[in-house]
Amino acid sequence: QVQLVESGGGLVQAGGSLRLSCAASGSVFGISAMGWYRQAPGKERELVAHIRRGGETNYADSVKGRFTISRDNAKYTVSLQMNSLKPEDTAVYYCNVLRLGSPYWGQGTQVTVSS
């Protein structure tokens, strides 16, 4: 089993920045992709960004140019730097990793952007 712990969420004014971090522990050998999803009230969970072990990244169109995902393969951590935050970024953000074809999820961290 893989355990994921997120940190860095909070309340920020529009235009501000936050950095989310996620640390994986447990059966970490074999982890391939790592990423972040988010879910706003009344909406389905959506992909924000993910990064493969080789460094290839993918971003949702709504966050391109504002968010940056990174990972440390030795420490099994993944981070999301969020700049120029907008009220529509408000959501619960979930860390996600893929290990041996199975997904694992963190508990989620709240990000609230005020206008």
**OP:** Check side chain to side chain donor-acceptor pair (under 3.5 Å) between Arg45 and all other residues, then give those that pass, not counting sequence neighbours.
**Re:** none
Subject >> Of all pairs that satisfy disulfide (SG to SG under 2.5 Å), the ones with a partner from residues 11-99, not counting sequence neighbours >> reply: Cys22-Cys95
Subject >> Where at least one partner belongs to residues 71-81, residue pairs that pass salt bridge (Lys or Arg N to Asp or Glu O under 4.0 Å), sequence neighbours excluded >> reply: none
**OP:** Sorted by first residue and then second, give each salt bridge (Lys or Arg N to Asp or Glu O under 4.0 Å) pair with at least one member in residues 29-40; sequence neighbours left out.
**Re:** Arg38-Glu46, Arg38-Asp89
Original post:
With hydrophobic residues grouped by side-chain heavy-atom distances under 4.5 Å, do Val113 and Met82 end up in a single group?
Top reply: yes
Original post:
With hydrophobic residues grouped by side-chain heavy-atom distances under 4.5 Å, do Tyr37 and Val63 end up in a single group?
Top reply: no
Throw together a table of side-chain donor-acceptor distances under 3.5 angstrom for residues 97-112, partners on residues two or more places apart or in other chains.
from	atom 1	to	atom 2	distance (Å)
Arg99	NE	Ser27	O	2.7
Arg99	NE	Phe29	O	2.7
Arg99	NH2	Phe29	O	3.4
Gln107	NE2	Glu6	OE1	3.1
Thr109	OG1	Gly9	N	3.4
Gln110	NE2	Ala91	O	3.4
Gln110	NE2	Thr112	OG1	3.3

Original post:
Is it the case that more than 12 heavy atoms not belonging to Arg52 sit under 6.0 Å from its CZ atom?
Top reply: no
Original post:
Any chance CD of Gln13 has more than 12 other-residue heavy atoms, nucleotides or ligands included, within less than 6.0 Å?
Top reply: no
**OP:** Could you pull out all residues at least two apart from Ser84 that satisfy side-chain contact (heavy atoms from CB on, under 4.5 Å)?
**Re:** Arg66
Subject >> Heavy-atom closest contact (Lys64 atom, Tyr59 atom, distance) >> reply: CE-O, 3.4 Å
**OP:** Of all the heavy-atom pairs spanning Val28 and Tyr76, show the shortest one and how long it is.
**Re:** O-CE2, 3.5 Å
**OP:** Go through the steps to decide whether Leu80 and Thr68 satisfy the test side chain to side chain contact (heavy atoms under 4.5 Å, CB included), and finish with yes or no.
**Re:** CA-CA 6 Å; Leu80 185 69; Thr68 302; over 6 Å; no
Original post:
In Å, rounded to the nearest 0.5 Å, how long is the span from CG of Leu18 to CD of Gln81?
Top reply: 8.5 Å
**OP:** Any chance you could lay out the side chain to side chain contact (heavy atoms under 4.5 Å, CB included) test for Trp36 and Asn96, step after step, and finish with the verdict?
**Re:** CA-CA 6 Å; Trp36 291 91; Asn96 170 263; over 6 Å; no
